[in-house]
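Have a look at the structure below before the remarks.
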Amino acid sequence: MVNKVVGSFEEAVADVFDGATIMFGNFAGPGGFPINLCRALRHKGVKNLTIIGNTAGGIGLTTDFDDQAILFENRQVKKVIASFPFSISPSRPSPCEKQVLAGEVELEIVPQGTLAERIRAAGYGIGAFYTPTGVGTVVEKGKEKRVINGREMLLEYALPADFAFIRAFKADKLGNLVYRGTQRNFNPIMATAARITIAEVDEIVEAGEIDPEAIVTPGIFVNRIVKVTKQEDFPRHLERSFWVKTA
Amino acid sequence: MVNKVVGSFEEAVADVFDGATIMFGNFAGPGGFPINLCRALRHKGVKNLTIIGNTAGGIGLTTDFDDQAILFENRQVKKVIASFPFSISPSRPSPCEKQVLAGEVELEIVPQGTLAERIRAAGYGIGAFYTPTGVGTVVEKGKEKRVINGREMLLEYALPADFAFIRAFKADKLGNLVYRGTQRNFNPIMATAARITIAEVDEIVEAGEIDPEAIVTPGIFVNRIVKVTKQEDFPRHLERSFWVKTA
Amino acid sequence: MGPTKGKLTRELMAMRISQELFDGAVVNLGIGIPTLVSSYIPEGMTIIFHTQNGALGFGPVVTADEVAEKADVDLINAGGQYITPLPGMCFFHHADSFGMIRGGHIDLTVLGALQVSEKGDLANWLFPARGVGNIGGGMDLAVGAKKVIAAMEHVTKNGELRILKECNYPLTAKECVDLIVTDIAVIEVTREGLVLREHAPGWTAEEVQALTEPRLIIPPDLKEISF
Amino acid sequence: MGPTKGKLTRELMAMRISQELFDGAVVNLGIGIPTLVSSYIPEGMTIIFHTQNGALGFGPVVTADEVAEKADVDLINAGGQYITPLPGMCFFHHADSFGMIRGGHIDLTVLGALQVSEKGDLANWLFPARGVGNIGGGMDLAVGAKKVIAAMEHVTKNGELRILKECNYPLTAKECVDLIVTDIAVIEVTREGLVLREHAPGWTAEEVQALTEPRLIIPPDLKEISF
């Protein structure tokens with residue numbers, strides 16, 4: 001059987017090329033973000049990347065961590081497709097914000113639900129879809145609009161990528177993944193939408209050690225698995241399950 | 001808190017009206033089919049129904065069971081939207097087949113993946129989508145076609161319903177559902193697409209007794225839950241989990 | 001106008017908004033004033049909170065002095081705050097989460113606002129002075145939730161009006177707001193126009209109208225905001 | 001033509017098709033001859049089977065004499081057969097399942113066929129004589145799988161040709177078939193036309209051509225089907 005387990009983050013990103021389009025699972029903090037894959041990408045130094053994700057890093061939360069901001073600092077990004085690309089605090093602009101305002105990086109800003117649905121569409125072979133989100137706003141600029149069931153909707157196209165860098169909790173050796181709480185965010189849908197999906201996980205177990213009814217990402221979507229060896233200093237309580245039993 | 005648990009199948013379907021559109025979770029056998037809700041609907045006797053499902057009952061498998069065929073026998077169906085509406089054996093036509101061929105029931109036949117995606121679209125507020133399935137076949141008749149990314153695709157519209165009759169394994173009192181193996185089939189997506197979703201389950205437990213990472217249908221999609229009291233005589237092994245552990 | 005009138009604090013605005021909750025409601029709260037609403041759930045009422053980053057049915061936000069004990073990086077809300085687990089909660093990915101929103105499965109969302117128009121247009125994502133803004137999940141919530149409450153101070157710190165005939169800030173969504181709750185009034189958006197339902201204690205309808213660009217409809221049962 | 005030639009049994013056709021498998025391949029098998037392919041997985045090769053009703057990575061079909069012991073109503077394949085669990089399998093709903101298919105995540109599908117055209121058009125869902133037919137999941141599989149193998153007897157029981165310039169039965173999908181495996185030949189669909197790759201033992205290229213409407217391209221490395 002094909003071995004999906006890769007020994008290091010450097011090895012996992014070895015074939016990322018200049019000009020590649022890369023999705024990053026993330027939301028508003030370090031949970032659910034593939035921090036070690038991101039660092040390996042900065043170390044590799046490939047340029048002219050298009051990055052896709054909810055944020056573009058450096059949004060200014062109290063928890064500071066190495067997110068996509070390090071790629072901007074290293075001048076590796078050409079284009080960003082995101083829903084929340086800027087800092088929450090105007091007085092502390094992110095590297096992305098500075099480079100977008102300086103005209104050095106191109107930005108496509110997308111409503112969060114439309115971003116998620118476009119990614120899923122790419123993974124699931126849907127060419128485009130009509131959504132009511134964005135009608136009457138800057139988002140509709142240049143887009144086809146039609147009335148469906150009495151409601152104006154915009155045509156939005158599938159958004160695929162060359163690579164998806166994702167974060168999960170456990171993988172089995174077939175690549176089946178489970179997540180932990182709100183760590184899921186964009187990770188399961190991005191896994192479907194890239195030619196190569198690389199998952200950063202806390203633990204790798206044998207096939208059969210994860211409940212088949214609880215698997216979120218089937219292994220067929222995952223090409224490479226890398227185990228995190230050093231835990232970050234975030235408020236993380238791995239010993240604790242979120243399962244508050246009443247029984 | 002709103003109580004979603006209903007005491008009987010008759011009570012659960014009490015507000016189904018003449019002319020209603022009803023989705024039935026099902027695939028090619030009794031697993032994942034809400035047999036008791038279907039029986040209660042026959043008993044209620046409402047007419048001019050539009051029924052949506054993978055099959056329309058009576059497809060002629062070796063395991064005989066009360067599926068949507070009983071609604072045709074009772075002349076309750078006006079229209080069928082299905083992917084596999086006919087018997088697998090031409091010599092044993094289903095009640096649906098006879099009534100469609102006699103012009104008594106209207107049929108809309110839909111490729112299975114398109115059917116699933118149209119149901120999900122209805123549940124998730126997507127008005128329509130473009131899919132490559134059906135191009136160059138009878139399915140494209142009357143549909144808009146466009147080339148997306150070099151590929152011809154058809155425009156397919158969301159398919160909602162008044163009621164979804166679904167089958168699950170366990171519910172908690174908030175309506176959160178888990179399924180058992182291939183019982184899932186269309187059930188989780190139908191739960192999202194109807195105004196009223198009614199779930200037939202083996203077991204009802206307290207909130208918190210199901211692993212939150214394993215919940216498939218969040219309770220917000222489920223309006224009523226009814227417990228099956230008499231197990232059917234199918235090859236069912238409730239004591240057995242599908243979890244074949246290697247450890 | 002007479003002397004400066006008393007205005008509702010953010011906490012009182014949240015308390016007033018909490019009166020719109022109902023038992024079993026599925027609720028998504030935006031950042032800011034809306035978040036405070038979760039502190040004022042009426043006794044005995046069960047509210048299912050939704051957060052767009054993929055959770056339903058979770059418990060209260062972790063307070064500052066609970067962080068060391070309770071914070072978990074994998075249990076956050078859309079504002080990045082740590083939240084707590086509750087029996088019956090569940091998790092899902094972003095496409096499912098926004099499917100719930102877009103599909104009309106969220107009963108109520110409370111969103112912070114910068115401007116609201118006479119027709120219920122909402123502007124809440126971009127300060128023109130900054131030049132850039134984050135869209136985030138607001139457009140989807142404004143379009144998808146069954147009921148949208150816009151929460152804001154009635155005028156800006158500089159006294160500029162926020163309830164306008166037409167928004168001049170970039171829109172979040174058209175004709176989406178059902179109810180506006182400010183520090184001086186509760187205003188319902190109807191087909192006939194904006195209906196002043198309640199005013200803050202000590203305020204008159206005329207005084208609220210003076211800080212509101214569109215004409216307010218004053219119904220016979222106009223009330224004072226009470227808690 | 002000379003005396004009646006030997007034709008491959010359905011089992012031998014399945015054996016030949018199994019040579020198209022590769023380690024780690026994600027495979028969806030249609031009903032009929034295709035299902036038999038699962039009995040001929042090359043030694044040491046791991047195949048991940050997909051069934052459109054929502055499972056991946058399951059084990060062999062339950063045989064007739066195992067039903068009492070092993071059959072479970074909640075563990076079936078797309079043909080309604082009982083299947084067995086295997087470590088690492090997983091389950092999902094129909095929208096996710098067909099997302100996998102439509103999104104190109106199935107490496108190989110083997111589908112029964114009624115007719116295949118010179119361009120790889122497939123007809124397999126409706127016998128015109130019956131007047132009605134079941135579409136099922138075939139259209140999605142034919143359009144979505146990375147590689148589509150059509151499996152059928154080369155001619156009908158009445159001797160009618162099935163590999164045609166144009167299908168006269170209603171299509172399942174246009175230009176989708178990559179390889180045709182029949183009881184007398186293995187034919188590759190290419191841009192240049194149909195290439196006869198292999199013929200059954202005892203058959204000549206001319207004899208296969210005589211039962212095939214479109215002109216077959218005969219390559220220099222034409223081989224006999226071997227197992």
Side-chain angles (χ1 to χ4, degrees), chain B residues 1-5 23 116-129 158-162 164 168 170-179 184 188-197 204-225, chain C residues 21-28 41-59 72 74-75 83-109 137 139-148 173 176:
Chain B
M1 180 61 191
V2 183
N3 181 18
K4 297 182 176 182
V5 180
M23 289 174 174
E117 194 67 13
R118 288 178 63 193
I119 292 167
R120 176 191 179 274
Y124 280 5
I126 298 297
F129 57 87
L159 183 63
D162 297 310
K170 273 191 204 178
D172 71 20
K173 288 187 175 165
L174 295 168
N176 292 308
L177 303 180
V178 288
Y179 302 84
R184 287 195 205 187
I189 49 175
M190 287 177 171
T192 72
R195 287 192 304 104
I196 303 286
T197 292
I204 301 173
V205 300
E206 296 297 324
E209 290 189 36
I210 302 175
D211 179 355
E213 304 283 5
I215 288 170
V216 173
T217 294
I220 65 168
F221 292 118
V222 179
N223 302 88
R224 297 171 201 159
I225 312 161
Chain C
L21 301 174
F22 57 89
D23 196 31
V26 182
V27 175
N28 184 301
I41 302 170
E43 187 82 19
M45 197 178 276
T46 302
I47 301 298
I48 311 285
F49 286 107
H50 173 267
T51 185
Q52 53 263 43
N53 54 316
L56 262 173
F58 48 88
D72 191 303
D74 295 327
L75 203 55
I83 51 177
T84 49
L86 214 59
M89 73 175 176
C90 62
F91 303 108
F92 33 87
H93 60 58
H94 253 83
D96 281 344
S97 184
F98 279 85
M100 292 173 196
I101 294 172
R102 206 191 300 104
H105 306 286
I106 307 299
D107 293 310
L108 177 67
T109 189
M139 288 188 179
D140 302 277
L141 280 162
V143 158
K146 281 189 202 154
K147 180 169 182 173
V148 176
C176 61

Main-chain N/O of C:Gly88 paired with B:Asp172 side-chain donor or acceptor, under 3.5 Å = no
Looking only at heavy atoms, which of residues 43-58 of chain C get nearer than 4.5 Å to chain B?
-> C:Thr46, C:Ile48, C:Leu56
Contact origin within B:Leu174 toward chain C - heavy atom pairs under 4.5 Å = side chain
Over all atoms of both residues, closest heavy-atom pair of C:Phe92 and B:Pro218 = CD2-CG, 4.3 Å
Using a heavy-atom distance cut-off of less than 4.5 Å, which residues of residues 96-109 of chain C contact chain B?
-> C:Asp96, C:Gly99, C:Met100, C:Arg102, C:Gly103, C:His105
Can you name the ring-ring contact (aromatic ring centres under 6.0 Å, His included) partners of C:Phe91, sequence neighbours left out?
-> A:Phe242
Closest heavy-atom pair, C:Cys90 versus B:Asn176, reported as atoms and distance to 0.1 Å, is SG-OD1, 4.0 Å
Contacts of C:Ala173 meeting side chain to side chain contact (heavy atoms under 4.5 Å, CB included) (sequence neighbours excluded), chain-then-number -> C:Ala142, C:Val143, C:Cys176
